[in-house]
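Okay, structure first, notes after.
This one's a predicted model, so the numbers in the text were calculated from it and none came from an experiment.
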Amino acid sequence: MKYGLDGRPPVGTSILSALQWMIVAVSSSVAVPLMIGDVYGLQPDEMSNLMQQTIFFIGLASFLQVWIGHRYPMLEGPAGLWWGIFIILAQLGASAGLKPREIGQSFQLGMALAGLLFVGFGMLGWIGKLQRWFTPIVSGTYMILLAISLCSNILTGMLGIGFQHSTEVQPGVALVSVGIVALVVWIMRTKRFSSFAVLFGMVGGWVLYALLGWTETVRPAEQLFSWPSVFFWGTPRWDWGVVLTSMLTGFVLLTNLVTSMVVMGKATNTVPTDSQYNRGGVFTGVSHLLSGVSGVVGMIPLSLAAAVIQTTRIAARLPFMLAMVGMMLIGLLPTVAHFLAALPTPVAYAAMFISYTQLLGFGLKDYATVKMDERAITIGGSSLLIGIGVMFVPAAAWQKLPALVSFLLGNGLLLGVIVCLLLEHVVFRKPTDSKTQKDGHAA
């Protein structure tokens, strides 16, 4: 590690690192509002507003976390679980006669209630206790399933599918993606610039796309400056199905908070304390409340941040905080937001590919610490096979089931982790677990 959490990199290194964090934050979140806007039938101006709001609140939520929350340089970003539910329930709601905007109004209320759940658990000090459920085999299963669940989107994006509305593989885009990955790997092997490999990969790829004429014209903004709006989707409304699904999602995302902090601890060579877990829970609740009030997709700590730190070897808080202030400024400047939103998605996927591989690496390292006896093989194997298997079941196959059931059974990441928790702590519970946990808590 070049610079630890309290490290003070030189001014030039701090600025470049902050710029890299900003680009990573934008590239990891820019696709979500575009996708939500497409599914919910938003007009171009509405989609731009949702994009701008997302960028601003990512910056605000992340800054609060690193300042007074868990204090790790860990991005808050749109949860894959949340935007997946946004899309699933939009499809289910359409068949039930609900308008997409009505579903968005219900989600605002649901995310706010989920935020209160996080705040309550954090203030009661329960999140620090929950982390003891996440043994190496559970956190390893989570990270492996997360990497596998992302790989389809990553490779699809790198191949150009979906780029400029293409439904087929674009050989030119795929070839350039391979070149960007090779560039990132080459830069990582040079000591002087290894920390900025992702940044150089994205900038280089974007320039090449511009030279090839593959970039889209940046749409001019009507205003120079604009504040975020309240309740993007309209006045919140109560819908039992959406609200209950949101509350359950909030509870499940507690596991994401814990595992993300465990992974971040490993990336920064630190051990998160109970106090950090609980503060992180409180401010993840705050970010959900902000999401509910603003109407953006619910935000959670992203494990991707640990992968970026592992790649760049810079964990210092200062560049990260500068980057999040920059994100908030971008969120107030429509012109800059429009420009950054023009980053070609295949470039972002290709430049981040090596960082995504780190997620799988964290999971494999956790598994490597487990003694692979019959019990461990049964727990890990069953959880992975069930989780991965469900990922291959078409989403349409669950549509005739209640929304809550289809959400539970149709998400391979969620189902695999739940199965792992049950097998580890209920079905194959070790007789010494209670004593171990008691001793660990006393320590």
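Between V263 and K266, every side-chain heavy-atom pair lies at or beyond the 4.5 Å cut-off. Residues P78 and T54 form a side-chain contact, since some pair of their non-hydrogen atoms from C-beta on lies under 4.5 Å apart.
Residues F121 and N278 share a closest heavy-atom pair of O-OD1, 4.4 Å. Listed here is the closest heavy atom pair of F57 and P228: CE1-CB, 3.8 Å. For the pair Y72 and P272, the tightest heavy-atom approach, listed with the atom from each and the gap, is OH-CG, 3.6 Å. Closest non-hydrogen pair, Y142 versus L413, comes out as O-CD1, 3.7 Å. The shortest non-hydrogen separation linking G295 to L50 is O-CD1, 4.1 Å.
Residues that satisfy the ring pair (Phe, Tyr, Trp, His ring centres under 6.0 Å) test with F362, not counting sequence neighbours, are absent from this structure. Qualifying side-chain hydrogen bond (donor to acceptor under 3.5 Å, both in side chains) partners for T357, counting only residues two or more places apart in sequence or in other chains: none. For F56, there are no ring pair (Phe, Tyr, Trp, His ring centres under 6.0 Å) partners two or more places apart in sequence or in a different chain. A search for side chain to side chain contact (heavy atoms under 4.5 Å, CB included) contacts involving V293 returns V230, not counting sequence neighbours. Listed by chain and number, the residues in a side chain to side chain contact (heavy atoms under 4.5 Å, CB included) with S382 are T378, L423 (sequence neighbours excluded). Taking Y3 as the reference, nothing meets the side-chain hydrogen bond (donor to acceptor under 3.5 Å, both in side chains) condition, with sequence neighbours excluded. With sequence neighbours left out, the side chain to side chain contact (heavy atoms under 4.5 Å, CB included) criterion links L421 to W133, F134, V138, V417, H425. In this view, S226 and Q52 satisfy the side-chain hydrogen bond (donor to acceptor under 3.5 Å, both in side chains) rule, not counting sequence neighbours. In terms of the side chain to side chain contact (heavy atoms under 4.5 Å, CB included) criterion, residue partners of A112 (sequence neighbours excluded) are, by chain and number, L289.
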What donor-acceptor contacts under 3.5 angstrom involve side-chain atoms of residues 315-337, with partners at least two apart or in another chain?
| unit_1 | atom_1 | unit_2 | atom_2 | d |
| --- | --- | --- | --- | --- |
| R317 | NE | R71 | O | 2.7 |
| R317 | NH1 | D6 | OD1 | 2.5 |
| R317 | NH2 | R71 | O | 3.4 |

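For S260 (side chain) and L257 (main-chain N/O), no donor-acceptor pair under 3.5 Å exists by modelled atom type.
Side-chain contact check for E76 and S287: at least one donor-acceptor pair (N or O, by modelled atom type) lies under 3.5 Å. No hydrogens or angles considered: nothing links the side chains of T235 and Q108 as a donor-acceptor pair under 3.5 Å.
Pairs of residues two or more places apart, or lying in two chains, never qualify as ring-ring contact (aromatic ring centres under 6.0 Å, His included) while including a residue from residues 369-396. Residue pairs meeting the salt bridge (charged side-chain N to carboxylate O under 4.0 Å, His left out) criterion with at least one member in residues 348-365, sequence neighbours excluded, do not occur.
If you take CG on L290 and CD on Q53, they are separated by 11.0 Å, rounding to the nearest 0.5 Å. K430 NZ to T135 OG1: the interatomic distance, rounded to the nearest 0.5 Å, is 8.0 Å.
By the neighbour-count criterion of 12 heavy atoms within 6.0 Å, atom CE of M123 is sparsely surrounded, having that number or fewer from other residues, nucleotides or ligands.
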